[in-house]
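Read through the structure below, which is laid out as structure tokens, and then see the notes.
Just the heavy atoms: all of them, side chains too, but no hydrogens, waters or symmetry mates, feed the values below. Residues take their numbers from the sequence shown, with the count starting at 1.
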Amino acid sequence: MNTLLLAALAGFFSVEKTPEGRWWVKDAEGKRTIIRGVDWVIYRGHRCEADGTRHHYREWNDAHYASPAVWEEETLARLKDWGFNMLGTGADATLRHRGLAHAWEINFGNKFGTRDDWNDERWITPQEGRPCSALPNVFHPDFAAHCERMAQEVCAPMKNDRDLLGYFLDNELRWWGTGPWGWYTGVYTAVTNKPAAHSARKALAAFERAHPELKGEELQRGFLGHLAETYFRVTTAAVRKADPNHMILGCRFAGIGGADKVVWEAAGRYSDILTFNIYPEADLDRNVMRWSDGRLMTDAIAPVYGWAKRPVLITEWSFPALDAGLPSTNGAGQRFLTQQVRAAATELCAKTLLSLPYLVGY
């Protein structure tokens, strides 16, 4: 009996594909649902990038609520009333187990090292304290043990949590290495620039000896696939050992252009749901969603499902509006002048995503 069927029988979230080809999430009671979540539901809000360290949302909450507990009650009621059923990443812990599902971001790769052992041996590309910077050295002799320790600390205590959708392995790793965005040569190049004694360089040499038939592009792409296979095999094994009940929610890829098809294929072999963060553009005049290169959003996403063959959960998307009363000019997302137009773009994007038979939520 497979892992997902066991999870469904035990009362945990799972996924199901119907004979017609439509994917669904099944909740703890076995009911089909579409995940609709919000990231970073937190009392203090994000730091405002436009004016330093201020947390404008916290300032507003402090002035309008008698206590954080009052804010929690109103916020949860509002989310449920709007039709949301999940807390995404970064939610305040005090909001969990109060009628919404939740997920957990482990960050195996982003946290492979502390300030006490922050050295090049642990990285293909180094962690710089920001998204899209780190790619861990999965060939390091301590990587598997590191993943097992983290899984025991994070996942084992939650293995019986019926409200937990599953685990994100990481967030926005740098799968393109030191090369151009999305190009398969970047990881190979980054490793060849390491010292000969570096464990990743030794892994590359071993891969080359094991595959003398691979040359040039085939060698570079083959090694990238080997690295991705190692990452997903090691991290998911650690989670399954600590918690066999919950789903693996991929690693929150930074868009779909930052990873070669061999990475998506590896992710699909080990993930229950594929996750990535996107910021498409709404063409409201033509009532279509477009990718940054002009393609239809649905056409851009389709190859990823073809490679991974797993259902998709979109883990970031938004449309800021400039009439918010706060600086709304930094960060990702297509800007609109008003909340009304922003809402129209949001509706169009949601309906377009829901038209995809392999989408299980956003």
Side-chain angles (χ1 to χ4, degrees), residues 21-23 34-39 88-89 130-133 168 170-177 179-187 221 224 228 249-268 271 273-322 328-338 341-362:
R22 176 80 206 189
W23 284 94
I34 292 291
I35 294 298
R36 301 173 303 280
V38 180
D39 289 335
T89 57
R130 59 179 177 83
C132 302
S133 62
F168 302 112
D170 260 298
N171 178 63
E172 296 190 334
L173 295 176
R174 194 179 180 91
W175 291 105
W176 57 98
W181 167 263
W183 198 237
Y184 59 85
T185 61
V187 168
R221 179 171 273 128
L224 174 59
L249 307 178
C251 62
R252 287 173 53 93
F253 284 96
I256 60 175
D260 187 79
K261 63 177 284 188
V262 296
V263 180
W264 293 107
E265 289 168 347
S271 302
I273 296 177
L274 200 67
T275 54
F276 47 89
N277 306 328
I278 59 171
Y279 290 89
E281 298 178 358
D283 185 342
L284 295 175
D285 293 332
R286 295 171 179 80
N287 203 41
V288 294
M289 293 300 305
R290 296 196 183 279
W291 215 243
S292 58
D293 60 7
R295 287 179 295 166
L296 293 177
M297 180 179 72
T298 51
D299 291 344
I301 294 175
V304 172
Y305 176 70
W307 297 326
K309 298 178 173 58
R310 298 305 303 168
V312 168
L313 175 68
I314 305 299
T315 39
E316 278 185 28
W317 62 286
S318 72
F319 299 101
L322 300 179
S328 299
T329 54
N330 286 25
Q334 180 186 10
R335 265 64 183 171
F336 292 100
L337 292 177
T338 68
V341 183
R342 174 196 186 201
T346 300
E347 180 179 6
L348 174 61
C349 189
K351 287 182 175 179
T352 305
L353 289 171
L354 290 171
S355 73
L356 300 173
Y358 49 82
L359 182 110
V360 293
Y362 50 73

With a 4.5 Å limit on heavy-atom distance, are the side chains of [X] and [Y] in contact?
X    : Y    : answer
L356 : V312 : no
M289 : D283 : no
I278 : I301 : yes
I314 : L353 : yes
V187 : D260 : no
V263 : K261 : no

Search all heavy atoms of [X] against all heavy atoms of [Y] and return the closest pair with its distance.
X    : Y    : result
L274 : A308 : CD2-CB, 3.6 Å
I34  : L359 : CD1-O, 3.9 Å
D39  : T89  : OD1-N, 3.0 Å
R310 : G268 : CG-O, 3.3 Å
F319 : A345 : CE1-O, 3.7 Å
A300 : I256 : O-CD1, 3.2 Å

Give, for atom [atom1] of [X] and atom [atom2] of [Y], the distance between the pair rounded to the nearest 0.5 Å.
X    : Y    : atom1 : atom2 : answer
L249 : I273 : CG    : CD1   : 5.5 Å
D170 : F253 : CG    : CZ    : 10.0 Å
W291 : M297 : CH2   : CE    : 7.5 Å
L354 : C349 : CG    : SG    : 9.5 Å
C251 : N171 : SG    : CG    : 9.0 Å

### Quiz item: cation-pi between R221 and Y184, 6.0 Å / 45°
yes
#### Entry: Cation over ring face, R252 and F168, 6.0 Å, 45°
yes
### Task
Verify the distance criterion only: is there a donor paired with an acceptor across the side chains of Q334 and Y279 at less than 3.5 Å?
no
### Message
Less than 3.5 Å apart, any donor N or O on the side chain of W23 or Y305 sitting next to an acceptor on the other?
### Response
yes
### Query
Between Y362 and W317, is the gap from one ring center to the other below 6.0 Å?
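That pair passes the under 6.0 Å test.
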Is a side-chain N or O of [X] found less than 3.5 angstrom from the main chain of [Y], in a donor-acceptor match?
X    : Y    : value
S328 : P320 : no
K309 : G306 : yes
E281 : S292 : no
R290 : R295 : no

### Task
Walk me through it: do W181 and W176 pass the test ring pair (Phe, Tyr, Trp, His ring centres under 6.0 Å)?
CA-CA 6 Å; W181 167 263; W176 57 98; 4.7 Å; yes
### Message
Is the ring pair F276/W264 parallel, tilted or perpendicular, if the boundaries are 30 and 60 degrees?
### Response
perpendicular
### Task
For atom CZ of R286, decide whether the heavy atoms of other residues, nucleotides or ligands shown that lie under 6.0 angstrom number more than 12.
no
